[in-house]
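One structure is given below, encoded as structure tokens.
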Amino acid sequence: MTEILGNYFFFEWEVQLIIWLQAHISTSGVGFWLISNLSAFGEQLLLVAIMGFIYWGLDKEFGKYVGLNFLAANVLNPLIKNIFFRMRPYFVSDKIQLLRKIDTSADAMDVAAQGYSFPSGHSMGAATLYGSLAFYKKKNKILRVLAIVLPLLVGFSRVAVGAHFPTDVIVGWALGAIVIAGVSQLRRATKNKRLIYGILLLISIPGFFYCTSSDYYTAFGMLVGFILAEPFEKKHVRFKNTKNIFRCILRTIGGCAVYYGLNALLKFIIPAEYSDTGTFVSYAIRTARYALVIFVIIGVYPMLFKLTGKLWKEKHHHHHHHGTHGTHGTHESHSTHETHESH
């Protein structure tokens, strides 16, 4: 493993604050468990589940809006990290411990796996995702509160576990807001989705020439997968959202299972010498793997909804056969006429 070194820059108060926090939160027990797990609100599993719940279940267009904002932020973060190469706080002072690893399977000192510090990906992802929810549903007060509270909690957690300096977190929040504003500006400027996708790809592609941490290739692959899947779904799949919360949850569980299952399968198939060796080939394979996974869960997986929809209808049909027809189902029939695609 080649020694990857980065830059050490920080304010003295940042180091002191982390040392103070770590001295005052016991590193075991319920309090620590809670503080550490606040990070989960900015982690991939939960963010994919939230986006999936909206996209597969509640409202496809809303899901695509949140998804694109999040994936843009997801790529921008390592693009910046690999310019500043800021080392994480626990490299700076031996009084700081890393209490929650970024890549749990790798050594804490493996910078390629644990990534660089500036700006905080968790804080940026949380600000982008929860901010997008509130921005899209402007009238919803609960979402507005969550858009402030959850990124604050995630940021606090990232500092307390020794993974980030406070300045990483503050800049992460600011960049999340900038991504939402920037993508919204693009949407206002043009209705041409291909043009929007093209601009986002142009901004993202330079990372191939200088990024050395695997998070960039993961994020770039995810963005490419989304850009390919979105028109594919619109043309070939056209699944319907469901107003049934139970079905929304089932679709989300299924989607997350496909996301993790397919990822594990592809990792298993690809020989180790090609996967995480830091070579151009391994980066290209990683990008392709994530592009395929996202393409499948956004474009292909929803094909199953028609099958489950049929099963569901049959079951419902048996239940509601006894004289309760005519009241429900009338509103849904109109939604099938709304797809006047612009040619």
Side-chain angles (χ1 to χ4, degrees), residues 40-75 125-138 140 142-143 146-147 150 176 179-180 183-184 186-187 193-194 196-197 200 218-219 221-263 290-309 312 332 335-336 338-339 341:
F41 285 104
E43 274 164 17
Q44 221 175 34
L45 170 63
L46 187 70
L47 300 180
V48 167
I50 292 169
M51 287 184 287
F53 183 78
I54 298 167
Y55 172 74
W56 296 311
L58 295 178
D59 180 341
K60 196 193 298 187
E61 289 310 312
F62 183 14
K64 286 195 263 193
Y65 168 85
V66 175
L68 188 63
N69 283 356
F70 172 73
L71 292 172
N74 208 21
V75 175
T128 307
L129 187 101
Y130 304 118
S132 296
L133 298 181
F135 196 80
Y136 192 86
K137 299 272 187 203
K138 288 187 176 67
N140 191 316
I142 296 171
L143 289 178
L146 289 179
L150 290 176
V179 167
I180 296 171
V183 178
S184 296
L186 268 181
R187 287 176 192 276
K193 273 200 174 146
R194 281 190 185 163
I196 294 172
Y197 293 159
L200 291 176
T218 301
M222 289 171 88
L223 181 65
V224 169
F226 176 90
I227 286 172
L228 295 172
E230 194 268 335
F232 174 85
E233 189 285 325
K234 204 169 180 178
K235 196 173 175 193
H236 302 289
V237 184
R238 293 193 295 275
F239 73 90
K240 294 263 180 293
N241 287 117
T242 171
K243 296 288 171 274
N244 181 313
I245 289 294
F246 177 66
R247 291 178 75 186
C248 289
I249 292 168
L250 280 182
R251 287 179 177 190
T252 307
I253 293 169
C256 290
V258 172
Y259 175 81
Y260 278 92
L262 186 57
N263 221 331
Y290 275 95
L292 179 62
V293 170
I294 296 297
F295 181 83
V296 168
I297 66 166
I298 288 179
V300 181
Y301 165 65
M303 288 177 172
L304 293 175
F305 302 163
K306 279 183 183 163
L307 293 174
T308 53
W312 201 267
E332 284 204 293
S335 63
T336 48
E338 66 183 20
T339 50
E341 301 276 318

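Both backbone and side-chain heavy atoms feed into the values below; hydrogens, waters and symmetry mates do not. Position 1 is the first residue of the sequence; numbering continues from there.
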Once rounded to the nearest 0.5 Å, what's the spacing between atom NZ of K306 and atom CZ of R238?
6.5 Å
All heavy atoms of T252 vs all of C248, minimum pair found to be OG1-O, 2.7 Å
What distance do E233 atom CD and K64 atom NZ have between them, rounded to the nearest 0.5 Å?
5.5 Å
Which value, rounded to the nearest 0.5 Å, describes the distance between L133 atom CG and L129 atom CG?
5.0 Å
Look at the side chain of N69 and the backbone N and O of I180, then say whether any donor-acceptor pair between them is shorter than 3.5 Å.
no
Working to the nearest 0.5 Å, report the span between CG of L186 and OH of Y197.
12.0 Å
Nearest heavy-atom approach of A134 to A147 is CB-CB, 3.7 Å
Show your working on side chain to side chain contact (heavy atoms under 4.5 Å, CB included) between I54 and Y65 and close with a plain yes or no.
CA-CA 10 Å; I54 298 167; Y65 168 85; over 6 Å; no
In Å and rounded to the nearest 0.5 Å, what is the CE to CZ distance from M51 to F226?
9.5 Å
Do any side-chain atoms of residues 293-301 form donor-acceptor pairs under 3.5 angstrom with protein atoms, and if so which ones, sequence neighbours left out?
unit_1, atom_1, unit_2, atom_2, d
Y301, OH, R251, O, 2.6
Y301, OH, G255, N, 3.1

Ignoring hydrogens and angles, tell me if any N or O in the side chain of K138 forms a donor-acceptor pair with the backbone of F135 under 3.5 Å.
yes
Could you give all pairs that pass the side-chain hydrogen bond (donor to acceptor under 3.5 Å, both in side chains) test and reach residues 48-59, with sequence neighbours left out?
none
Apply the test side chain to side chain contact (heavy atoms under 4.5 Å, CB included) to residues Y290 and N263: give CA-CA distance (whole Å), side-chain angles for both, the deciding distance (0.1 Å), then the verdict.
CA-CA 8 Å; Y290 275 95; N263 221 331; 3.3 Å; yes
Rounded distance (nearest 0.5 Å) linking atom CG of L46 with atom CG of L150
9.0 Å
Would F53 and I245 count as a side chain to side chain contact (heavy atoms under 4.5 Å, CB included) here? Give the steps.
CA-CA 9 Å; F53 183 78; I245 289 294; 4.2 Å; yes
Applying side chain to side chain donor-acceptor pair (under 3.5 Å), name anything that partners K137, two or more places apart in sequence or on another chain.
none
Side-chain heavy-atom pair Y136, L143 within 4.5 angstrom cut-off
no
Side chain to side chain contact (heavy atoms under 4.5 Å, CB included) assessment of L68 paired with L223:
CA-CA 8 Å; L68 188 63; L223 181 65; 4.1 Å; yes
